[in-house]
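Numbers here simply count residues along the sequence, with the first being 1.
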Amino acid sequence: MSFSSKFTNGIRLLYDSRFRWLYLAGFGKYNDWNDEAFLKKAFECHMGKKLNLDNPQTFNEKLQWLKLYDRKPEYTIMVDKYAVRKHIADTIGEEYLIPLLGVWDNPDDIDFDTLPNQFVLKCNHNSGLGMCICKDKSKLDIAKVKGDLRKGLQQDYYLAWREWPYKNVKRRIIAEKYMSDEGKEELSDYKVLCFNGEPKIIEVHRGRFNGQHTQDCYDESWNKTDIEQYDLPKTDEIMPKPAFLEEMLHLSRLLSKDLIHVRVDWYFTNNRLYFGELTFFDGSGYNLFCGDADELLGSWIKLPNK
């Protein structure tokens with residue numbers, strides 16, 4: 001972080017109470033708060049308005065409601081990047097799984113000599129912290145990788161934003177095959193938002209790791225929509241309809257069956273679809289949408305009684 005960024009954050013800590021609360025929350029200051037109190041405060045700090053749990057209307061509000069009142073044991077398996085593999089194999093077939101290279105409880109147990117030149121290491125219970133994308137093992141700082149993985153294993157991802165499915169995930173490290181597409185710097189990421197078992201929106205993410213992250217949203221017929229987030233720009237491009245669209249939608253229906261809402265992530269490389277992950281709370285329910293997208297997506301979530 002540059003000096004100017006540190007200075008700006010320092011000023012915000014002094015004068016911006018919402019920023020200060022979120023900053024302290026990131027360091028565990030409010031870990032002892034109950035889930036409802038924490039989510040109400042976090043929502044107000046993120047979104048600039050109070051959370052309506054009695055009559056939620058928007059996408060973000062309903063995701064917070066689901067965090068509190070839609071808690072099923074099978075969700076823990078679905079968000080576990082290791083345990084979910086059996087669920088995927090049983091539901092749609094193991095051919096959609098990214099090849100697994102290993103699983104460990106401790107970074108010191110990893111034998112890097114047996115790993116290929118390119119691979120991905122990550123924790124099974126969180127999103128990002130500890131991840132290592134290795135493209136050339138000869139340049140790898142193994143001590144740093146192990147240290148990052150330890151930090152990842154120590155993270156209580158449930159406490160961060162009270163996403164209950166992560167609370168009881170047994171923490172592990174997994175290694176997967178490094179996936180690439182010839183001629184492309186990185187894979188496009190297709191995130192299918194499903195509502196009561198029906199795919200409605202496909203988010204196309206590009207440039208996630210090169211500092212030029214964009215998101216374009218298409219409907220199930222591949223019409224580009226106006227859905228956009230303030231902090232995640234869309235492009236002016238209209239992508240050709242993918243040849244694998246119907247397959248991806250069909251598989252997403254199978255994986256989202258009987259679920260109120262879930263996001264099913266996919267990669268397409270070398271003419272094959274690969275499953276990424278299942279996510280119950282897109283953006284943890286703090287998406288800063290432009291226009292009326294928050295209300296539109298919220299109208300598609302049909303909440304049950306508490």
What's the spacing between [X] [atom1] and [Y] [atom2] if we round to 0.5 Å?
X: R206; Y: Q212; atom1: CZ; atom2: CD; result: 11.5 Å
X: K40; Y: L53; atom1: NZ; atom2: CG; result: 5.5 Å
X: L129; Y: L149; atom1: CG; atom2: CG; result: 9.0 Å
X: L68; Y: Q64; atom1: CG; atom2: CD; result: 8.0 Å

[X] and [Y] ion-paired at < 4.0 Å:
X: D80; Y: R171; answer: no
X: D16; Y: R20; answer: no
X: E44; Y: K49; answer: no
X: R85; Y: D90; answer: no

Looking only at non-hydrogen atoms, find the nearest pair between [X] and [Y] and report the distance.
X: K67; Y: W164; answer: O-CB, 4.0 Å
X: K234; Y: T225; answer: NZ-O, 4.1 Å
X: L288; Y: H46; answer: CD2-O, 4.0 Å
X: K146; Y: P107; answer: CE-O, 3.6 Å
X: Y286; Y: A42; answer: OH-CB, 3.5 Å
X: E36; Y: N34; answer: N-OD1, 3.2 Å

So, [X] versus [Y]: side-chain donor-acceptor pair below 3.5 Å or not?
X: E247; Y: Y96; value: yes
X: E203; Y: H205; value: yes
X: Q57; Y: E295; value: no
X: D136; Y: S138; value: yes

message = Does L303 form a side-chain contact (heavy atoms from CB on, under 4.5 Å) with K62? I'd like the steps, not just the answer.
response = CA-CA 8 Å; L303 295 178; K62 289 185 177 182; 3.9 Å; yes
Any side-chain to backbone donor/acceptor pair from D258 onto G197? Under 3.5 Å, distance only.
no
Only residue of T91, D265, I88 satisfying side-chain contact (heavy atoms from CB on, under 4.5 Å) with F275 is I88
TODO: May I have the step-by-step check of side-chain contact (heavy atoms from CB on, under 4.5 Å) for T76 and K167, ending in yes or no?
DONE: CA-CA 8 Å; T76 297; K167 186 173 185 178; over 6 Å; no
Return yes when atom [atom1] of [X] has more than 12 non-hydrogen atoms of other residues, nucleotides or ligands closer than 6.0 Å, and no otherwise.
X: L100; atom1: CG; value: yes
X: K177; atom1: NZ; value: no
X: D226; atom1: CG; value: no

**Prompt:** How are the rings of Y23 and F27 set relative to one another: parallel (under 30°), tilted (30 to 60°) or perpendicular (over 60°)?
**Reply:** tilted
Hey, are the side chains of K137 and Q118 touching, using non-hydrogen atoms and a 4.5 Å cut-off? no
Decide whether a cation-pi geometry holds between R162 and F38; the criteria are a distance under 6.0 Å from NZ or CZ to the six-membered ring centre and an angle within 45° of the ring axis. yes
- Aromatic W300 / basic K200 pairing, under 6.0 angstrom, 45° off normal: yes
Inset, instruction - List the steps and the verdict of ring pair (Phe, Tyr, Trp, His ring centres under 6.0 Å) for F59 and H261. - result: CA-CA 10 Å; F59 181 67; H261 172 68; 5.3 Å; yes
Between Y166 and the options Y157, Y158, F281, the ring pair (Phe, Tyr, Trp, His ring centres under 6.0 Å) test singles out Y157
Only residue of F268, Y274, Y267 satisfying ring pair (Phe, Tyr, Trp, His ring centres under 6.0 Å) with F244 is F268
